[in-house]
Amino acid sequence: MSQQGRSSTLVHLLVVVLSLVAFGFAVAAERRRSVGHIEIDASQATNATYCVYKSDVATGYGVGAFLFLLSSETILMVVTSCMCFGRPLTPGGDRAWSIIYFVSSWLTFLVAEACLVAGAKQNAYHTKYRGMILAQNFSCESLRKGVFIAGAVFVVATMILNIYYYIYFSKATTAPGHASSNKVNHSSSTVGMAGYA
């Protein structure tokens, strides 16, 4: 951190940029999700049906969104020592809010990553052949609409919660200088009392 009690602008910038890139990838994945249609295999006498899919680029976009969001979360957790390690937090409202935002951001982060992974996995799943009997009643497997969009929404929610978490965490972090001065004052008072004894 650049100053005690203040959050670093660089950390804010990294979290926002990486999260926005993840959001962009998630939206792009939704727009480019693979959709299949049934065609008849004329090369076979049985006229078996099979599915033809568009480009599988949405899977790559989904994985990219997953990695960028993971990078954003990792950077923030390393900087703040996951709030469980490093300097203690000063009791008060700032510590309470930092804990609330920490837990909330992790929940939204896990939901966002789950949506992105599920979307990428399902988008990559292509059923090649369908049976020749009652082929008109079959449909090609494809990713449901909204999975990547849901991930994108939770990516933005995670970004906002992480920003507030870092702000309140920085405010609640105990300044080493302040702790040292308390020790010096305590030592001085002890010496003073010993002199009167």
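Computed from a prediction, not measured in an experiment: that's the story for all the values here. Keep in mind that the numbers below use all heavy atoms, side chains included, and drop hydrogens, waters and symmetry copies.
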Exercise. Under 3.5 Å, side chain of Tyr166 to main-chain N/O of Ser8, donor-acceptor pair present?
Worked result: yes
Seminar exercise, completed: All heavy atoms of Ala58 vs all of Ala29, minimum pair found to be CB-O, 3.3 Å
For this session: Evaluate the criterion side-chain contact (heavy atoms from CB on, under 4.5 Å) for residue pair Ile167 and His12; output intermediate values, then yes/no.
Result: CA-CA 9 Å; Ile167 291 174; His12 279 293; 3.6 Å; yes
Exercise. Side chains of Ser19 and Ser72: do they bring a donor and an acceptor to under 3.5 Å?
Worked result: yes
For this session: Step by step, work out the side-chain contact (heavy atoms from CB on, under 4.5 Å) result for Leu20 and Val16.
Result: CA-CA 6 Å; Leu20 290 179; Val16 170; 3.7 Å; yes
For this session: Could you state whether Val78 and Ile75 fall into the same hydrophobic cluster, counting links through intermediate Ile, Leu, Val, Met, Phe, Trp or Tyr residues with side-chain heavy atoms under 4.5 angstrom apart?
Result: no
For this session: Look at the side-chain heavy atoms of Ile, Leu, Val, Met, Phe, Trp and Tyr, link any pair under 4.5 Å apart, and say whether Val153 and Val111 land in one connected group.
Result: no
Exercise. Under the side-chain contact (heavy atoms from CB on, under 4.5 Å) test, which residues partner Leu70, sequence neighbours left out?
Worked result: Phe66, Thr74, Phe109, Glu113
Exercise. Excluding sequence neighbours, so at least two apart, what forms ring-ring contact (aromatic ring centres under 6.0 Å, His included) with Tyr101?
Worked result: Trp97, Tyr164, Tyr168
Seminar exercise, completed: Nearest heavy-atom approach of Val63 to Ala120 is CG2-CB, 4.2 Å
For this session: Flag yes if Val156 and Val27 sit in one hydrophobic cluster, no otherwise; membership is Ile, Leu, Val, Met, Phe, Trp, Tyr, and two members link when side-chain heavy atoms are under 4.5 Å apart.
Result: yes
Exercise. Taking all non-hydrogen atoms of both residues, which atom of Leu69 and which atom of Ala112 are closest, and how far apart?
Worked result: CD2-CB, 3.7 Å
Seminar exercise, completed: Shortest non-hydrogen pair, Ala22 vs Phe68, comes out as CB-CB, 3.8 Å
Exercise. Distance-only, no hydrogens or angles: does the Thr108 side chain make a donor-acceptor pair with backbone N or O of Ser104 under 3.5 Å?
Worked result: yes
Exercise. Closest heavy-atom contact between Lys145 and Glu30?
Worked result: CA-OE2, 3.7 Å
Exercise. Applying the 4.5 Å side-chain criterion to the ILVMFWY set and letting contacts propagate, would Leu18 and Trp106 be lumped into a single cluster?
Worked result: yes
Exercise. Shortest non-hydrogen contact from Glu73 to Thr158?
Worked result: OE1-CG2, 3.8 Å
For this session: Decide whether Leu110 and Ile149 are clustered together by the hydrophobic rule: side chain heavy atoms of Ile, Leu, Val, Met, Phe, Trp, Tyr closer than 4.5 Å, transitively.
Result: no
Problem set entry | Pairing residues for Tyr165 by the ring-ring contact (aromatic ring centres under 6.0 Å, His included) criterion, not counting sequence neighbours | Phe102, Phe169
For this session: Starting from the C-alpha separation in whole Å, work towards a yes-or-no answer on side-chain contact (heavy atoms from CB on, under 4.5 Å) for Phe154 and Met159.
Result: CA-CA 8 Å; Phe154 280 101; Met159 178 188 71; over 6 Å; no
Problem set entry | Separation of Ser170 OG from Asp94 CG (nearest 0.5 Å) | 10.0 Å
Problem set entry | OG on Ser105 to CD1 on Ile100, rounded to 0.5 Å | 12.0 Å
